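All figures in this text were calculated on a predicted structure; none of them were measured in a lab. Residues: numbered from 1 along the sequence shown.
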Amino acid sequence: MPRGRLRREGGLIGLLYASLGAIIGSGWLFGPLHAAQQAGPLSLGSWAVGAVAILLLALVYAELGPMIPRSGSIVHISHVGNGPMLGRIWSWILFFSYVSIAPVEVTAVLTYANNYLPGFLQGGSGLLSNRGFVAAVLLLGVFVLLNFLVIRWVLLLNSAATWWKLIIPAATIFVLMALSWHPENLRVAHPHGDLQGMFTAVASAGVIFSFFGFRQAIDLAGESRNPGRNIPIAVIGSVLIGAVLYEGLQLAFLVAVSPADLAQGGWQHLNFPGLTGPFAALATAVGATWWGVLLYADALVSPAGTAFIYTTSAARITMATGEIGSGPRWLARLNGRGVPWLSLLVVYGVGSLFFFPFPSWQKLVGYISSVTVLSYSLGPIVLMQLRRAMPQEPRPFRLWAAPVLAPMAFIVANWIIFWAGLATLTFTFVALALLLAVYLLFHYVLKDAQDREALGWRHVWWVFPYFALLWLCSYLGPASLGGKDWIPFFGDMGIIAVLSLAVLWAALHFAVADDEMVRYVKELNEVPPTAP
């Protein structure tokens with residue numbers, strides 16, 4: 001094996017479990033509680049909406065992924081249709097999306113652990129204490145060290161953990177429903193349990209966050225023996241399995257809660273002993289103390305497994321930013337085992353910083369849901385661009401009715417970003433604006449004129465009114481999402497749908513020439529990823 005080459009050792013099961021292992025993380029441990037508090041029984045609809053939304057996006061990437069079968073391919077996809085500047089902007093979005101997920105899983109581990117090892121959290125606030133910060137940074141370091149293994153062992157470790165992660169939540173459904181069955185809970189309406197609450201819970205309760213892992217198979221495309229067959233099966237299969245599991249968990253949670261706990265404050269103010277470990281606390285309350293102990297153990301395995309595989313993919317995304325020039329070229333360097341070791345170190349350093357502004361599971365989830373769906377939103381645009389530029393190119397998976405489903409996926413992605421709320425959207429766009437300002441300063445002021453590449457502003461201008469108008473819709477939108485309440489919730493969704501179609505048209509109209517897209521895709525497929 002030549003030094004500096006990625007190893008193509010990932011099979012179908014390894015890729016399926018990479019995605020499924022990332023989907024089944026801390027979301028099942030906390031998501032049903034937060035969804036019930038925000039939407040009551042309509043939280044069942046929240047999971048259905050989240051599954052349909054993410055499946056639309058997953059189908060888009062199931063076609064795109066095999067066309068650029070490289071590790072970190074989602075970064076390269078962002079560069080295809082609208083030139084280098086858009087590639088830069090989206091690589092930053094992707095980097096912050098990926099690098100922040102391992103910290104949220106580490107936070108979940110410590111949040112559950114605080115129930116039997118007090119001191120990781122500040123009282124009952126759910127925020128990390130000083131001891132919790134130190135433990136979080138050390139635990140994240142463990143996952144980084146394990147990722148220095150070759151990819152075959154990384155995927156084998158993840159597959160073993162995924163078996164456990166599948167069995168425990170599935171068994172929890174049956175244990176809770178067998179020992180505590182209160183269907184009358186489904187008739188206890190949430191005070192704000194209308195359709196608006198059902199939709200907003202998708203973004204803010206950890207519902208959509210729980211499905212994000214589908215893209216792991218795409219990120220590891222360059223390390224798969226047969227990406228054309230393996231990627232679509234892994235992507236679609238992981239979403240469908242995850243959707244069935246999460247619906248069952250939400251139903252079990254709703255009917256297992258004691259009616260006495262609901263009588264005091266309803267779903268909105270649901271509270272019971274051990275709330276920071278909701279499923280383990282419920283199991284103990286219904287008499288299955290032994291299962292509660294097992295769930296506390298699983299609260300280590302499930303989030304830890306997800307943190308582990310997200311550290312793997314975050315390093316590949318970081319490596320890809322070095323390959324396309326969005327970051328320093330040295331990020332693409334590989335060691336003799338084919339591991340992007342410098343990228344792993346960067347992932348660890350930046351990931352550790354997220355424990356400070358977002359010191360709780362729910363705070364991190366709100367940010368991640370917005371920035372991650374924003375990173376996905378480019379996929380439908382690139383799919384339509386490549387359908388036009390490469391209409392006859394063989395595709396291992398070809399999305400049916402793409403002219404309808406791709407725009408639908410783009411609209412739904414923008415809805416989810418809107419549902420996350422004004423504060424989250426403001427944080428995301430301000431951070432991107434600061435990054436862009438720093439990059440432009442470096443490019444036009446600090447860089448020698450002869451070294452500057454053309455950024456292709458003609459192909460990317462539409463991004464700025466897209467972001468600005470999306471933020472404006474949120475600012476003028478419902479007060480429940482932080483807006484001025486000048487535009488009603490569903491009216492705002494209608495405006496965002498029209499905006500999405502206009503943005504899609506602009507992105508297609510001002511894309512780079514078709515022959516440039518074809519040349520770029522062929523270059524990516526012909527040149528193996530090696531250390532610079």
Side-chain angles (χ1 to χ4, degrees), residues 17-39 43-58 97-98 100-109 111-112 161-162 165-166 168-170 172-173 198-217 235-254 278-279 295 298-299 301-307 309-310 313 360-373 375-376 412-413 416-417 419-420 424:
Y17 280 13
S19 287
L20 194 56
I23 285 175
I24 306 171
S26 63
W28 88 265
L29 294 167
F30 295 100
L33 166 67
H34 294 300
Q37 289 175 327
Q38 293 188 36
S43 55
L44 291 167
S46 300
W47 290 100
V49 170
V52 170
I54 215 69
L55 188 57
L56 279 173
L57 290 166
S97 165
Y98 274 74
S100 58
I101 290 184
V104 78
E105 300 298 336
V106 168
T107 303
V109 171
T111 300
Y112 254 81
T162 299
K165 292 165 66 173
L166 274 171
I168 298 301
T172 298
I173 297 172
M198 183 182 77
F199 287 123
T200 56
V202 173
S204 57
V207 172
I208 201 70
F209 165 81
S210 300
F211 287 108
F212 284 158
F214 81 85
R215 64 188 177 183
Q216 300 303 315
V235 166
I236 298 170
S238 63
V239 173
L240 293 177
I241 294 171
V244 172
L245 191 63
Y246 280 120
E247 284 288 358
L249 285 164
Q250 185 67 64
L251 177 61
F253 183 89
L254 291 171
F279 274 105
L295 288 179
D298 180 72
V301 176
S302 286
T306 301
I309 197 62
Y310 261 107
S313 56
S360 73
W361 187 85
Q362 196 167 13
K363 286 179 180 290
L364 262 169
V365 161
Y367 159 77
I368 291 169
S369 295
S370 176
V371 74
T372 303
V373 174
S375 74
Y376 288 157
V412 169
I416 295 170
I417 296 167
W419 295 338
T424 301

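Interatomic distance, CD1 of I24 versus CG of L29, reported as 11.0 Å (0.5 Å rounding). Taken from CG in L295 to OH in Y112, the straight-line distance is 6.5 Å, to the nearest 0.5 Å. Distance check, rounded to the nearest 0.5 Å: CG of L166 to CD1 of I241 gives 7.0 Å. Atom-to-atom distance recorded for I101:CD1 and S26:OG is 9.5 Å, nearest 0.5 angstrom. The CD atom of Q37 sits 4.0 Å away from atom CG of L33, with the distance rounded to the nearest 0.5 Å.
Side chains of W419 and I208 form no contact here, defined as non-hydrogen atoms less than 4.5 Å apart. The shortest distance between side-chain heavy atoms of L245 and I23 does not fall below 4.5 Å. Inter-residue side-chain proximity for L251 and I173 is flagged as unmet; no heavy-atom pair is nearer than 4.5 Å. Side-chain contact between L57 and V412 is absent, with no heavy atoms from C-beta onward closer than 4.5 Å.
Side chain of S238 to main chain of L20: no donor-acceptor pair is present (N/O by atom type, distance under 3.5 Å, no hydrogens or angles). No donor-acceptor pair under 3.5 Å is formed between the side chain of S46 and the backbone N or O of V202. Looking only at distances, no side-chain donor or acceptor of S43 sits under 3.5 Å from a matching main-chain atom of A39.
Results of the side-chain contact (heavy atoms from CB on, under 4.5 Å) test with I54 over V239, V49, V207 single out V239 as the only residue that passes.
Legend: residues meeting side-chain contact (heavy atoms from CB on, under 4.5 Å) with A102, ordered by chain and number and at least two apart, are L140, A307, T311. Scanning for side-chain contact (heavy atoms from CB on, under 4.5 Å) contacts around S97 gives R215, V371, T372, S375, with sequence neighbours left out.
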Quick one: do Y98 and F212 satisfy side chain to side chain contact (heavy atoms under 4.5 Å, CB included)? Show the steps, please.
-> CA-CA 10 Å; Y98 274 74; F212 284 158; over 6 Å; no

Can you check side chain to side chain contact (heavy atoms under 4.5 Å, CB included) on T172 and F279, steps first, answer last?
-> CA-CA 8 Å; T172 298; F279 274 105; 3.9 Å; yes

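Aromatic ring centroids of F30 and F209 lie 6.0 Å or more apart.
Here the shortest heavy-atom pairing between S204 and T200 reads OG-O, 2.8 Å. The two residues A35 and Q250 come nearest to each other via the heavy atoms CB-OE1, 3.5 Å. For S210 against G206, the heavy-atom pair with the smallest separation is OG-O, 2.6 Å.
In this structure, Y246 and F211 have perpendicular ring planes: the angle between them is above 60°, well past the 30° mark.
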